[in-house]
Amino acid sequence: MKRALITGVTGQDGSYLAELLLDKDYEVHGIVRRSSTFNRQRIDHLRSDAATRERFHLHYGDLGDAESLASVLAETKPEEVYNLAAQSHVGISFSQPSYTGDVSGLGAMRLLEAVRRIVPEARFYQASSSELFGKAVETPQRESTPFHPRSPYGVAKLYAFWATVNYREAYGLFTANGILFNHESPRRGENFVTRKITQAVAEIAAGRRDSVALGNLEARRDWGYAGEFVRAMWLMLQRETPEDYVIGTGETHSVREFAQLAFREAGVELVWDGEGEDEVGKDAATGAVRVRVDSEYYRPSEVDLLLSDPSRARDELGWTPEVHFEQLVRMMVRSDLAAVGVVL
Ligand code: NAP
Ligand code: GDD
């Protein structure tokens, strides 16, 4: 039985990855932070299900605390380590720049150093990000595209990316960066734009609120489904030699398109009126304002356009995404509608 350690196991990706590895008969260890209220909703089913609970173990630790990382590695001796923990919100990283640097940047270095000392044979996956491309110098973005991060989050992830490469080159560790483009799901955190929209669509349909306030409607992202992106992480650690891979769908859509489609899924056709901060999206049938623009959600520097070229992952890992944009939006809207008890 293989043993894996996942940091960030309570997050969106951590929960899907834990499911995947347990399904492959791994023993899975996850690092969780202490919090005053439990936040393990995404993994609770794995702790109660008879088929998985014996092979799924949680340990307290924090990427800010090197000793806790070393203790968990010494106790669990994993063969694969997936570093998914991060302060992962780009907008919030402008409010907490050095904390984000500490956790999302230096945290990876702390874990790498503990791996080097305690389990140097272990294979290490780093959750790198398309935010590295930032003010992208070419489109689509591929493994060879130069980086130009646009936020404290992107800068922190740049440090972690190069730390991962450096430990490969300096010490011969098996380390791989997955440069993942945006991936979403019904488990997505509620303050990322996709989930914010689908949750608002559901609450509006349930009559619990009138509208949603968004920032930049023109930003374009390459949005895929988290449930299948985690398989690419695992595939990277099964290779003979470690490499870094771009993972995305090869399609890009704007925030405006996402909102249009999400409301349509709940039977509301949006028409747009006005410009800039005065723009609104109205229900074409009733004239009710459903989307507003609020500059509070603008970022000091924005990533305007992300679009992946995932051909290397297709050719070398055999990984191709199956869930397309429309299916992703539908899946998320339906899940949020079900959560508020709306059946259309
Ligand atoms: P997420 O839902 O925000 O999950 C982040 C996880 O990190 C949570 O389990 C969180 O724990 C944990 N964490 C935060 N700070 C920590 C600390 N100091 N010590 C230990 N754990 C800590 O993020 P995600 O969407 O699953 O993304 C997973 C990883 O991929 C992140 O590194 C993210 O930056 C990266 N990434 C994500 C995407 C994407 O589109 N989703 C794309 C590229 C890269 P709590 O539950 O206690 O908060
Ligand atoms: N969060 C948020 N909230 N974003 C908004 C809003 C809003 O109300 N309105 C517009 N946006 C725009 C943002 O300005 C950005 O251009 C885009 O929607 C996507 O924002 P997020 O969903 O917050 O994701 P992100 O692209 O900044 O970051 C995510 O993807 C990265 C990979 O490219 C996160 O998951 C990162 O951790 C990940 O690395």
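In each ligand, atom 1 is the first atom listed, and ligand 1 is the first ligand listed. Quick caveat, the model's predicted, so the values are computed rather than measured. Keep in mind that the numbers below use all heavy atoms, side chains included, and drop hydrogens, waters and symmetry copies.
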Q.
In this structure, does ligand 1 have an atom that sits under 4.0 Å from one of the heavy atoms of His89?
A. no
(Q) Tell me the nearest of Thr10, Ile31, Asp62 to atom 18 (N) of ligand 1, using heavy-atom distances. (A) Asp62
Q. Which of the atoms of ligand 2 are close to Lys196, meaning less than 4.0 Å from one of its heavy atoms?
A. 7 (C), 8 (O)
Q.
Using a 3.5 Å distance criterion without hydrogens, assess whether the side chain of Thr52 forms a donor-acceptor pair with backbone atoms of Leu46.
A. yes
Q. Any N or O on Arg33 sitting closer than 3.5 Å to an N or O of ligand 1?
A. yes
Q. So, the side chain of Ser211 versus the backbone of Val289: is there a donor-acceptor pair under 3.5 Å, distance only?
A. no
Q: Name the closest protein heavy atom to atom 15 (C) of ligand 2, giving the residue it belongs to and the distance to 0.1 Å.
A: Arg221 NH2, 3.4 Å
Q. Between Glu79 and Lys2, is there a side-chain N and carboxylate O pair less than 4.0 Å apart?
A. no
Q. Is a salt bridge present between Arg34 and Asp62, judged by a nitrogen-to-oxygen distance below 4.0 Å?
A. no
Q) What protein heavy atom sits nearest atom 38 (C) of ligand 2, and how far away is it? A) Tyr153 OH, 3.5 Å
(Q) With a heavy-atom distance limit of 4.0 Å, tell me whether Ser128 approaches ligand 1 through its side chain, its backbone, both, or neither. (A) backbone
Q. Which of the atoms in ligand 2, numbered in the order shown and given with their element, are less than 4.0 Å from a heavy-atom of Ser130?
A. 32 (C), 33 (O)
(Q) Using a 4.0 Å cut-off to any heavy atom of Ser129, which atoms of ligand 2 qualify? (A) 31 (C), 32 (C), 33 (O), 38 (C), 39 (O)
**Q.** Distance-only N or O hit between ligand 2 and Thr194, under 3.5 Å
**A.** no
Q) At under 4.0 Å between heavy atoms, which part of Tyr298 makes contact with ligand 2: side chain, backbone, both or neither? A) neither
Q: Measure from the side-chain N and O atoms of Glu279 to the backbone N and O of Gly281, and report whether any donor-acceptor pair falls under 3.5 Å.
A: no
**Q.** Flag side-chain contact, heavy atom, 4.5 Å: Asp65 against Arg110
**A.** no
**Q.** Nearest-option assignment for atom 2 (C) of ligand 2, heavy atoms, candidates Val193, Ile92, Leu305
**A.** Val193
Q: Considering the heavy atoms of Glu302, write down every atom of ligand 2 situated less than 4.0 Å from one of them.
A: 13 (C), 14 (O), 15 (C), 16 (O)
Q: Compare all side-chain heavy atoms of Phe147 with those of Phe161 and state whether any distance is below 4.5 angstrom.
A: yes
Q | Test of proximity, Gly14 against ligand 1: N or O pairs below 3.5 Å | A | no
Q: May I ask you to identify the nearest protein heavy atom to atom 43 (C) of ligand 1, giving residue, atom name and distance to one decimal place in Å?
A: Leu180 O, 3.1 Å
**Q.** For atom 40 (O) of ligand 1, the option (of His183, Glu184, Arg187) bearing the nearest heavy atom
**A.** His183
Q. Are any of the N/O atoms in Ser129 less than 3.5 Å from those in ligand 1?
A. no
Q. Going by heavy atoms, is Thr7 under 4.0 Å from ligand 1?
A. no
Q. Quick one: which of Asn191, Val255, Asn182 has a heavy atom closest to atom 12 (C) of ligand 2?
A. Val255
Q: Could you tell me whether Asp13 and ligand 1 have an N or O pair separated by under 3.5 Å?
A: yes
Q: Check each atom of ligand 2 against the heavy atoms of Tyr297 and keep those under 4.0 Å away; list them by number with element.
A: 8 (O)
Q | Which segment of Arg188 sits under 4.0 Å of ligand 2 when only heavy atoms are counted | A | side chain
Q: Assess the pair Phe174 and Phe124: is the distance between their ring centroids shorter than 6.0 Å?
A: no
Q. Are the side chain of Arg209 and the backbone of Glu203 linked by a donor-acceptor contact shorter than 3.5 Å?
A. no
Q: With heavy atoms of Ala219 as the reference, note each atom of ligand 2 found under 4.0 Å away.
A: 16 (O)
Q.
Given Ala86, Ser15, Ala85, identify the one with the heavy atom nearest to atom 14 (C) of ligand 1.
A. Ala86
Q. Applying a 4.0 Å heavy-atom criterion (strictly less than), which segment of Lys157 is in contact with ligand 2: side chain, backbone, both, or neither?
A. neither
Q. Parallel, tilted or perpendicular for His253 and Phe325, by the 30°/60° rule?
A. parallel
Q. Any sub-3.5 Å donor-acceptor pair from Arg3's side-chain atoms to Thr76's backbone N or O?
A. yes
Q: Just say parallel, tilted or perpendicular for the rings of Tyr82 and Tyr125, cut-offs at 30° and 60°.
A: tilted
Q.
Quick one: does any side-chain atom of Ser104 pair with a main-chain N or O of Ala86 as donor and acceptor, under 3.5 Å?
A. no
Q. Under 30°, 30 to 60°, or over 60°: which ring-plane class applies to His59 and His57, parallel, tilted or perpendicular?
A. tilted
(Q) Does any N or O of ligand 1 fall below 3.5 Å from an N or O anywhere on Asn83, backbone included? (A) no
Q | Heavy atom of the protein closest to atom 2 (O) of ligand 1 (residue, atom name, distance) | A | Gln12 N, 3.0 Å
**Q.** Sidechain-backbone polar pair: Ser71 side chain, Glu67 backbone, donor-acceptor under 3.5 Å
**A.** yes
Q) Among protein heavy atoms, which lies nearest atom 9 (N) of ligand 2, and at what distance? A) Gly215 N, 2.8 Å
Q | Beyond-backbone contact of Glu269 with Gln260, side-chain heavy atoms, under 4.5 angstrom | A | yes
Q.
For atom 37 (O) of ligand 2, what is the closest protein heavy atom, and at what distance to 0.1 Å?
A. Ser88 O, 2.7 Å
Q | ligand 1 contact by Arg188, heavy-atom criterion under 4.0 angstrom | A | yes
Q. Is Ser254 reaching over with its side chain to a backbone N or O of Ala219, donor-acceptor style, under 3.5 angstrom?
A. no
Q) Any idea which protein heavy atom is nearest atom 31 (C) of ligand 1, and the distance to it? A) Leu84 O, 3.1 Å
Q. Do you know which two heavy atoms are closest between Thr145 and Glu138, and how far apart they sit?
A. OG1-OE2, 2.5 Å
Q: Provide the number and element of each atom of ligand 2 under 4.0 Å from a heavy atom of Val90.
A: 27 (O), 28 (O)
(Q) Please classify the Leu214 to ligand 2 contact at 4.0 Å (heavy-atom distances, strictly less than): side chain, backbone, both or neither. (A) both
**Q.** Residue and atom name of the nearest protein heavy atom (relative to atom 30 (O) of ligand 1), distance in Å to one decimal
**A.** Ala127 CB, 3.4 Å
Q. Counting only heavy atoms not in Lys135, do more than 12 sit closer than 6.0 Å to its NZ atom?
A. no
Q: May I ask which of Glu190, Arg195, Arg299 has a heavy atom nearer to atom 27 (O) of ligand 2 than the others do?
A: Arg299
(Q) Using a 3.5 Å cut-off on N or O atoms only, is Tyr153 in polar contact with ligand 1? (A) yes
Q: State the atoms of ligand 2, each with its element, that fall below the 4.0 Å cut-off from a heavy-atom position in Phe192.
A: 1 (N), 22 (O), 23 (O), 34 (C), 35 (O)
**Q.** pair Tyr26-Glu80: side-chain heavy atoms closer than 4.5 Å
**A.** yes
Q: Nearest heavy atom to atom 23 (O) of ligand 1 wins, so pick from Gly11, Ser88, Ala156.
A: Ser88
Q. When you measure from the centre of the six-membered ring of Tyr16, is the NZ or CZ of Arg187 under 6.0 Å away and within 45° of the axis?
A. yes
